[in-house]
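So the structure is just underneath, and the comments pick up after that.
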Amino acid sequence: MYLSHKYKFIFLRSPKTASSSLSEFFIKNVNDPNAVYTPVDDTKIPGNLDKAIVDKYRKNNKFFHFTLQDLLNENIITNKIIDEYRCFSILRNPIDRQKSAYYFRKKYDKTRPPSLEDYKNITKNLTTFQKSPLTGMQQTDLLLVNNEIKGELWLYENLESHVSKFMKDLNIDIKHPLPKHKSGNRKKETDIVFDKQVLDALQKHFSRDFREYKRLVEN
């Protein structure tokens, strides 16, 4: 999460969508001494959100991925702020994102080579990685308030153009380029191929993500 009252925007971090990179980008480029943000572990940037709130959401590292509803519940923001600020998160092709999450986990698990069978063995209901319940979140959950999406979804594949336009709109010079954390864990030419069973499970579990992704791509 990155919240700037000076420039009136809220960025919510969804797992496996370059969210750490974009959070670091804002911390380094946006001149707002009163900005509120969560840590960026990749480069050891500490957060400055109230420790009591962080500790409350520490289980499974949930504090990295606050939703708008979480921020409302903790009185960090108000409904008025949601209406007046630019609220946004990143939306990645759900299938590509799932494969990215899988290969990230294989980086630390060398016991078996990547395979469809291995993927099925380490996921619950073919969608959520065991011991990592946050992987079952829909990306669109980040912006969901009272079952309605509040704010913007930026397509992952267009991230750099989104960022460039956003900073131009705010009239902020980019002095530090967008970093690329967690890249290099996966070679797409050797991707595992999901079968119909897995694809059907993903379509059902991440239905809102698929719907919103299709809408944005078509538009």
Quick one, Ser20 and Leu22 - any side-chain contact, counting heavy atoms below 4.5 Å? no
Are side-chain heavy atoms of Lys56 and Lys62 found at a separation under 4.5 Å? no
Would you say the ring centroid of Tyr85 lies under 6.0 angstrom from that of Phe9? no
Check for me whether Arg58 meets the cation-pi criterion with Phe63, that is, NZ or CZ under 6.0 Å from the six-membered ring centre and within 45 degrees of the ring axis. yes
Members besides Val193 in its Ile/Leu/Val/Met/Phe/Trp/Tyr cluster (side-chain heavy atoms under 4.5 Å): none
Do Lys6 and Asn34 have side-chain heavy atoms sitting under 4.5 Å apart? no
Do Thr67 and Asp141 meet the criterion of a side-chain donor-acceptor pair at a distance under 3.5 Å? no
What do the steps show when you test Tyr213 against Gln139 for side-chain hydrogen bond (donor to acceptor under 3.5 Å, both in side chains), and what is the final call? CA-CA 10 Å; Tyr213 182 79; Gln139 299 169 75; over 6 Å; no
Are side-chain heavy atoms of Asn219 and Leu216 found at a separation under 4.5 Å? no
So side chain to side chain donor-acceptor pair (under 3.5 Å) across residues 168-177, not counting sequence neighbours, yields Lys165-Asp169
If we only count heavy atoms from C-beta on, is the Phe210 to Thr140 side-chain gap below 4.5 Å? no
Restricting to ring-ring contact (aromatic ring centres under 6.0 Å, His included), what partner residues turn up for Tyr102, sequence neighbours left out? Tyr119
Taking side chain as C-beta onward, heavy atoms only, is Lys16 less than 4.5 Å from Phe104? yes
Would you kindly check if the NZ (Lys) or CZ (Arg) of Arg13 is within the cone defined by 45 degrees around the ring axis of Phe66 and under 6.0 Å from the six-membered ring centre? no
Above 12 or not: heavy atoms from other molecules or residues under 6.0 Å from CD of Glu157? yes
Donor-acceptor pair, side chain of Asn93 and main chain of Ile95, under 3.5 angstrom: yes
Test your reading of the model: is there a side-chain donor-acceptor pair from His205 to the backbone of Gly136, 3.5 Å cut-off? yes
Does Arg208 reach the main-chain N or O of Gln138 with its side chain, forming a donor-acceptor pair under 3.5 Å? no
Are the side chains of Glu117 and Lys120 in contact, using a 4.5 Å heavy-atom criterion? no
For Asp109 and Thr111, which I'm curious about, is there any donor-acceptor pair between the side chains at under 3.5 Å? yes
Could you check whether any side-chain heavy atom of Phe194 comes within less than 4.5 Å of a side-chain heavy atom of Leu116, counting everything from C-beta outward? yes
Nearest 0.5 Å please: distance from the CE atom of Met137 over to the CG atom of Asn60. 11.5 Å
